[in-house]
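In what follows, every chain begins at residue 1, and chains take the letters A, B, ... in the order their sequences are listed. These values consider heavy atoms only, across backbone and side chains, with no hydrogens, waters or symmetry-generated copies. Here the structure is a predicted model, which means the values were calculated and not measured.
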2 protein chains.
Amino acid sequence: MSCLPNVLLIGAGGVGAVVAYSIDYNNLSQLSIVVGRDYEKVKDAGYEINSVDHGTVHGWKPAHIYPNINAAAAANDPYDFVVVTTKNLPDIQKVEDLIEPVVTKEITTVVLIQNGFDLGRPIIAKYPENVCLSGVTFIGSHNYGGVIKQTQHEVTQISYFPNSHLSKEVQESKAKEFVKLYSTDKNSVTYSEDSKFSRYRKLVYNGTLNTICTLVGTDTGRVELSGGNESIVIPAMKEIIAVAKADGVILPPTTINDMLHDDDGDYFTPSMTVDSRKGNPLELEVILGNLLKVAGEVGVETPVLSVIYSLLRIVQFRLKEQAGYITVPKERPIDKSKVWE
Amino acid sequence: MSCLPNVLLIGAGGVGAVVAYSIDYNNLSQLSIVVGRDYEKVKDAGYEINSVDHGTVHGWKPAHIYPNINAAAAANDPYDFVVVTTKNLPDIQKVEDLIEPVVTKEITTVVLIQNGFDLGRPIIAKYPENVCLSGVTFIGSHNYGGVIKQTQHEVTQISYFPNSHLSKEVQESKAKEFVKLYSTDKNSVTYSEDSKFSRYRKLVYNGTLNTICTLVGTDTGRVELSGGNESIVIPAMKEIIAVAKADGVILPPTTINDMLHDDDGDYFTPSMTVDSRKGNPLELEVILGNLLKVAGEVGVETPVLSVIYSLLRIVQFRLKEQAGYITVPKERPIDKSKVWE
């Protein structure tokens, strides 16, 4: 009989596999994972992890590996924590619907370790009696078919998305309990008072270097070497800092410098750029779409980010077509009567 | 003994081969061409041209085919017209230096059938006693290793770049003489009073659809279908029209509509996007760089175009590296003391 909390991690890709390994390494929970595309391989051979934090790990497997969420729901006690490390693509699959089979009312704490901004709202709306935690991670890790390459130290901030149906104490204690399960001597996992602060802070990187690298098709090192930090990255970062300020979050003056040194020594290709190269849809709506909505609400101009967003919307259209989510007519439609102005 | 004017065309690629074919088809000149990469193939087998204007043409060759400009300079009488249809890449090869061996003082008229803006200035500075003509062409033609696919009707406006050392009459008469050599019953080649007008007009397409397709990696049809015309193409076009106006050129109110119907029925991939996919450097400086210089001089704000330009500068860096014009350090340099702000 297991007296450890049951943890289910959904989406054990580049980031998720490292998070899962850290949780398992800690031995304070009973860990199950849901693996999508690489299920057959991982089920047999486990993961190979090449990590700046853990060195080379061969054949790692957690207690349970499931090919999908229904299998994970059928096989176990209620989950105390459901950790979601999938891409967040509300235009394709809503997280709140995805996790429905594994969320037990009042019991399960949902942990979103995902890129993006304002992610908690739909979860809390659907599960008002469950705590929803926020995990903001800097990790620099990619999945090459079950082979994980982690090139940056795992730094994660855990907080909660405030849920007015629950007390501050309950939410804070769940967040701290999860930090205990997840924090090891190899990573840096800390509790943070304010999820909004760490979301905005990470957005200074993800809304700029991540999106810009995707459009120009290169890594953060070449963006720097070409003069791109001065010409476009920093102006875009300043817009995010201005939105945060108008939204009540003061980011420290060193934020820009910190973010631009984040990949020091590494010709790093950010996650959105990797997605684009693989032909996968982009986390555009939760990264830039949600931010620009807030910018409009608080009345901050975002001339650089708005152009980047408009360009990436076209990229997203192309990627959705490539991935089969939409189709375009075989012959380009002609509408001579349409007047563009 | 030839009593026809000697015409040399440099750069017989997608656009150049169709221009050359039209000039040759007219039989009013003795045509030589310089062919770069496809020389061996074209010298033996000629061009295959699949054209909306000419149908399918097999094995077409002009009077002379040369592998380089020095061979063209050595082999012939002075050239009456040197037609340049290469890419215009001043950051890699200046046109005024390239054509030096084939320009005869006072005799040779230089014709630039190239994308871009403000192209005549360096030619006139170096060859003040020669006429320099401007050719603005809409043609929709690409070269696949000696096989030319022309999907749009050839429409070209010829004018002159004003040269204060020469009379208006001389320049205008050379322009009209060239129109006679080049205009056929298959194409639409006309003399235009004002090269600046047609350059600005074409820039409304090339500064926007051409650049945007390059960044988002798709064609003008998918830009339209994804909503990109409204979100970014038209705002960018309006900036170009505003710069033109401040620079004394009034583009007609239908320009935006005309440009956006230009590729009707065709999922058209513009030239810069094709260059980018082939790994070739972009005509960024003559298309957007020169325009933004003028915008600064006339005091017009260009928030959309400036972002597009900054992004494409990074793309150009990547493409120059790919093509071997620049190298980056194997390990990304770390400068911890650098403070970004």
Side-chain angles (χ1 to χ4, degrees), chain A residues 212-213 215-237 253-254 256-261 263-268 276 303-304 306-318 320-321 326 328-329 331-336 338-341, chain B residues 212-213 215-237 253-254 256-261 263-268 276 303-304 306-318 320-321 326 328-329 331-336 338-341:
Chain A
I212 288 165
C213 285
L215 284 169
V216 302
T218 193
D219 54 74
T220 57
R222 285 173 173 82
V223 168
E224 175 182 340
L225 291 172
S226 68
N229 283 357
E230 293 87 347
S231 70
I232 186 161
V233 177
I234 291 173
M237 286 180 166
T254 57
I256 288 175
N257 190 53
D258 293 346
M259 294 298 149
L260 288 173
H261 280 295
D263 303 329
D264 264 357
D266 187 4
Y267 284 110
F268 183 69
S276 162
V304 176
S306 295
V307 172
I308 291 171
Y309 176 70
S310 295
L311 290 167
L312 285 173
R313 291 265 293 181
I314 309 174
V315 174
Q316 182 81 328
F317 182 90
R318 165 171 68 78
K320 280 190 185 174
E321 185 193 358
I326 54 175
V328 306
E331 301 286 323
R332 178 174 175 183
I334 304 179
D335 180 2
K336 292 278 180 208
K338 164 88 182 170
V339 179
W340 297 99
E341 54 193 2
Chain B
I212 288 165
C213 285
L215 283 169
V216 302
T218 192
D219 53 73
T220 57
R222 285 173 173 82
V223 168
E224 175 182 339
L225 292 172
S226 68
N229 284 356
E230 292 87 347
S231 70
I232 185 161
V233 177
I234 292 174
M237 286 180 166
T254 58
I256 287 175
N257 190 52
D258 294 346
M259 294 297 148
L260 287 174
H261 280 296
D263 304 328
D264 263 357
D266 187 4
Y267 285 109
F268 184 68
S276 162
V304 176
S306 295
V307 172
I308 292 171
Y309 176 70
S310 295
L311 290 167
L312 284 172
R313 291 264 294 181
I314 308 173
V315 174
Q316 181 81 327
F317 182 90
R318 166 171 67 77
K320 279 189 184 174
E321 185 193 358
I326 53 175
V328 306
E331 301 287 324
R332 179 174 176 184
I334 304 180
D335 181 1
K336 292 277 180 207
K338 164 88 181 169
V339 179
W340 298 98
E341 54 193 2

For R332(B) versus L260(A), what's the shortest heavy-atom pair and its separation?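 So the two residues come closest at NH2-O, 4.4 Å.
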Return the minimal non-hydrogen interatomic distance between G228(A) and I314(B), and the atom names on each side.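 Here G228(A) and I314(B) meet closest at CA-CD1, 3.9 Å.
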Which atoms of [X] come close to chain A, meaning under 4.5 Å heavy atom to heavy atom: side chain ones, backbone ones, both, or neither?
{"X": "D266(B)", "answer": "backbone"}
{"X": "P253(B)", "answer": "neither"}
{"X": "D258(B)", "answer": "neither"}
{"X": "R318(B)", "answer": "side chain"}
{"X": "K336(B)", "answer": "both"}
{"X": "Q316(B)", "answer": "neither"}

Would you mind telling me which of [options] has the largest number of heavy-atom pairs within less than 4.5 Å of chain A?
{"options": "S231(B), S310(B), G265(B), G221(B)", "value": "G265(B)"}
{"options": "R313(B), E321(B), K320(B)", "value": "E321(B)"}
{"options": "L311(B), I256(B), T218(B)", "value": "L311(B)"}
{"options": "L312(B), D264(B), I308(B)", "value": "D264(B)"}

Should S306(B) and V307(A) count as side-chain neighbours, where that means a heavy-atom distance under 4.5 Å?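 In short, these two side chains do not touch, never coming nearer than 4.5 Å.
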Side-chain heavy-atom pair V328(B), Y267(A) within 4.5 angstrom cut-off: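 Side-chain contact under 4.5 Å: yes.
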P235(A) portion near chain B, given a 4.5 angstrom heavy-atom threshold: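 When you check distances to chain B, no heavy atom of P235(A) falls under 4.5 Å.
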Quick one: pull up CG in D335(B) and NE2 in H261(A) and give me the separation to the nearest 0.5 Å.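 Going from the CG atom of D335(B) to the NE2 atom of H261(A) covers 6.5 Å.
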Identify which of D219(A), D263(A), I212(A) forms the greatest number of heavy-atom pairs closer than 4.5 Å to chain B.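 Highest number of heavy-atom pairs under 4.5 Å: D263(A).
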Scan T254(B), V233(B), N229(B) and name whichever one has a side-chain contact (heavy atoms from CB on, under 4.5 Å) with W340(A).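 By the side-chain contact (heavy atoms from CB on, under 4.5 Å) criterion, W340(A) pairs with just one of T254(B), V233(B), N229(B): N229(B).
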If you count heavy atoms of other groups shown closer than 6.0 angstrom to CD of E341(A), is the number above 12?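 No, CD of E341(A) has 12 or fewer neighbouring heavy atoms, counting only those of other groups under 6.0 Å.
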